[in-house]
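Report on one structure; see the data block that follows.
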Amino acid sequence: MPFLTYPQTRPWAKAIREAVLLKKMPPWFAEPGYGPFSNDRSLSRDEIDTLVHWADGGAPEGNPNDSPPLRHWTEGWNIPNPDVVVGMPTAFPLPASGDVEYQYIVVPTAFGKDKWVEKAELRAGNRAAVHHAVVYIREPGSAWLRDAQPGVPYVPPGRTPRERLLSGSTTSDILLVYAPGNVPEEWPPGLAKLIKAGSDLVFQMHYTPNGRASSDQSRVGLVFARTGPDRRVMTLQLGSDRFVIPPGHPDYRVAAWGTLPNDATLLSLFPHMHLRGKSFEYNLVEPGGRRHTLLRVNPYNFHWQLTYRLAPPRELKAGTKLECVAYFDNSRNNPANPDPEDAVRFGPQSWEEMMIGFFDVAVDARTDKASFFVRRSR
Ligand code: HEM
């Protein structure tokens with residue numbers, strides 16, 4: 001429902017009151033007290049009060065002459081006009097029902113030179129059916145998905161969907177993650193992602209059929225840095241694929257941690273779980289064991305896969321221990337729970353679970369992932 005004009009908005013006054021009081025809207029799930037985050041879209045206490053008083057007072061129109069000018073909404077790309085658009089070469093056909101395995105589509109970029117990407121956005125061809133997309137940068141010489149034909153949707157080998165997901169995993173850098181409601185990637189000035197000459201983009205597509213046969217052909221728009229960047233952005237992750245959430249457990253904890261091999265600037269955090277996700281936190285753990293929480297997403301909401309951008313970014317020294325802690329609610333009290341009787345393991349579909357804490361760091365522009373993980377002597 002559009003809320004652009006008074007007549008459009010008026011019938012929703014009560015629902016707006018509820019949504020803002022319960023903090024269901026606007027979608028933002030960082031617990032107050034952490035951050036700040038530059039993309040925080042939550043309302044202030046005053047803004048919430050204003051909306052609640054308006055609804056309680058009969059949702060009056062006020063004086064139309066005082067109304068702000070109509071907002072101009074962007075058609076098409078939300079990033080500035082892309083320098084290059086890289087897309088799936090053909091549409092992927094989608095059935096009306098059933099589960100569709102993750103599809104991997106390798107798309108050569110044919111870039112003759114290294115490109116530094118300052119902004120990137122995925123436009124889903126079929127927004128109703130694209131559950132999420134992860135676009136990876138496959139550098140020349142990589143053996144990842146070597147049996148995949150360029151442009152042809154590919155499912156990695158394995159006996160089960162879980163095995164196929166694991167055999168399709170990679171250390172290649174992620175260009176972007178798309179999920180409904182998230183914002184395009186735009187790194188701060190001087191920071192950019194590197195797509196080396198001759199790289200492929202690999203679209204990992206998760207589709208959810210929704211009752212009607214259709215198709216999807218998604219595209220990524222790229223805006224290049226005008227000058228070489230000062231620093232390179234890489235997406236790293238901490239996670240676990242070895243947990244078993246007991247049936248009915250209301251608050252099952254899974255933690256993963258790692259030690260930063262070299263100095264890095266922490267830019268943003270992106271927690272990922274599925275329907276049993278309850279809360280997720282990122283902590284810095286001091287040598288004595290004291291925790292400093294950077295972000296607590298609580299309640300976690302599977303339908304809103306959001307990035308939380310630290311403002312300002314945080315400098316981390318080599319040796320810093322970063323910890324991600326996820327809590328899962330596999331009880332009947334979780335209305336989103338597909339089956340509280342199930343012992344739940346890691347897996348690709350929404351009725352299975354995941355526990356991944358993605359985070360973006362900026363490092364020296366000449367560093368790559370492999371060299372970042374080699375500890376420099378200090
Ligand atoms: C002050 C800002 C906002 C207000 C007052 C607002 C209000 C609402 C209301 C009243 C509903 C219907 C809830 C119901 O079913 O009773 C709703 C649903 C929805 N809103 Fe918002 N909204 C806001 C911001 C946003 C933003 C920023 C997004 C997208 C990024 C968004 C996306 C949605 C979606 C997808 C739904 C339907 C699914 C759902 O209920 O979660 N809204 N919103």
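Remember, it's 1-based here, ligands and their atoms both numbered in the order they're listed. These numbers come from a predicted model, not from an experiment. The analysis underlying the following values was restricted to heavy atoms, covering all of them including side chains, and did not include hydrogens, waters or symmetry mates.
A salt bridge links E341 with R332: the closest approach of a Lys/Arg side-chain nitrogen to an acidic carboxylate oxygen falls below 4.0 angstrom.
Neither side chain, N334 nor S331, offers a donor N or O lying under 3.5 Å from an acceptor on the other.
Ranking the protein heavy atoms by distance from atom 20 (N) of ligand 1 puts M25 CE, 2.8 Å first. When hydrogens are left out, the protein atom nearest atom 7 (C) of ligand 1 is F3 CE1, 3.5 Å; that is the closest non-hydrogen contact. In this structure, atom 26 (C) of ligand 1 lies nearest to the protein heavy atom P27 CD, 3.4 Å. For atom 32 (C) of ligand 1, the closest non-hydrogen atom of the protein is W304 CH2, 3.5 Å. Protein heavy atom nearest atom 16 (O) of ligand 1, with residue, atom name and distance: A15 CB, 4.1 Å. Of all protein heavy atoms, the one lying nearest to atom 5 (C) of ligand 1 is I16 CG2, 3.7 Å.
Of the listed residues (Y104, F92, F203), just one forms a side-chain contact (heavy atoms from CB on, under 4.5 Å) with P153, and that residue is F92.
Remark: the backbone N or O of R291 is not paired with any side-chain donor or acceptor of N283 at under 3.5 angstrom. In terms of modelled atom types and a separation under 3.5 Å, the side chain of D216 and the main chain of G125 share a donor-acceptor contact.
Taking the centre of each ring, F346 and H272 stay at or above the 6.0 Å mark. Aromatic pair Y308/Y282: centroids not less than 6.0 angstrom apart.
Distances from ligand 1 to the non-hydrogen atoms of M1 include at least one value under 4.0 Å.
Remark: atom 13 (C) of ligand 1 lies closer than 4.0 Å to no protein heavy atom. For atom 37 (C) of ligand 1, the nearest protein heavy atom is 4.0 Å or more away.
Under 4.0 Å from ligand 1, the heavy atoms of R41 that appear belong solely to its side chain.
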